[in-house]
Engineer: 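Okay, handing you the structure first.
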Amino acid sequence: MEHNDGIVLVYTGGEIVIQRLKAELEQQGINSIVKDEFKQGIAAGFGAGIPSAIDLYVAQTDEKRARQIIDEILD
């Protein structure tokens with residue numbers, strides 16, 4: 001788990017799963033941030049990161065609820 005300015009990493013996975021989780025969290029009123037270092041690296045002109053390792057972050061205050069929602073979806 002990574003903490004940075006009140007933002008917490010709650011899941012790392014492939015693009016399809018990340019988009020599904022992001023949509024469900026937003027439907028439940030939880031804003032999230034997706035960080036894809038691979039795509040960012042390509043856009044900058046160099047390769048960085050792993051294509052299937054996309055990170056999903058939420059506010060630290062939403063972490064517990066977000067993890068419960070994610071667990072329900074993935075179980």
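Computed over heavy atoms, backbone and side chain alike; hydrogens, waters and symmetry mates excluded.
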Engineer: Kindly compute the distance separating CD (Q68) from CD (E63), expressed to the nearest 0.5 Å.
Structural biologist: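 Output value for this atom pair is 11.0 Å.
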Engineer: Could you tell me which non-hydrogen atom of S32 sits nearest to which non-hydrogen atom of V58, and how far apart they are?
Structural biologist: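 Shortest heavy-atom separation between S32 and V58 comes out as CB-CG1, 4.0 Å.
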Engineer: Among I70, I30, L21, whose side chain to side chain contact (heavy atoms under 4.5 Å, CB included) with V10 holds?
Structural biologist: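 For V10, the side chain to side chain contact (heavy atoms under 4.5 Å, CB included) test succeeds with only one of I70, I30, L21, which is I70.
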Engineer: Considering residues at least two apart in sequence or located in another chain, which fulfil the side chain to side chain contact (heavy atoms under 4.5 Å, CB included) criterion with A59?
Structural biologist: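 Result, side chain to side chain contact (heavy atoms under 4.5 Å, CB included) vs A59: T61, D62.
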Engineer: Can you tell me how far apart OH (Y11) and CG (L25) are? Round to the nearest 0.5 Å.
Structural biologist: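 Here the rounded value is 12.0 Å.
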Engineer: Please list, chain by chain and in numerical order, all residues satisfying side chain to side chain donor-acceptor pair (under 3.5 Å) with E26, sequence neighbours excluded.
Structural biologist: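 In terms of side chain to side chain donor-acceptor pair (under 3.5 Å), with neighbours along the sequence ignored, E26 is linked to K22.
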Engineer: Quick one: pull up OG1 in T12 and NZ in K35 and give me the separation to the nearest 0.5 Å.
Structural biologist: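 NZ of K35 is found 10.5 Å from OG1 of T12.
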Engineer: Could you work out, with salt bridge (Lys or Arg N to Asp or Glu O under 4.0 Å) as the rule, every residue matching R20, not counting sequence neighbours?
Structural biologist: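 Salt bridge (Lys or Arg N to Asp or Glu O under 4.0 Å) check on R20 returns E24.
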Engineer: So, taking the atom named CG in L9 and the one named CG in D55, what distance separates them when rounded to the nearest 0.5 Å?
Structural biologist: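 Rounded to the nearest 0.5 Å, the CG-CG separation comes to 5.0 Å.
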Engineer: Let me confirm one number: the CD1-CZ distance from I69 to R65, rounded to the nearest 0.5 Å.
Structural biologist: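 Separation between the atoms: 5.0 Å.
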Engineer: Quick one: are V17 and L56 in side-chain contact, heavy atoms under 4.5 Å?
Structural biologist: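 Contact flag for V17/L56 side chains = no.
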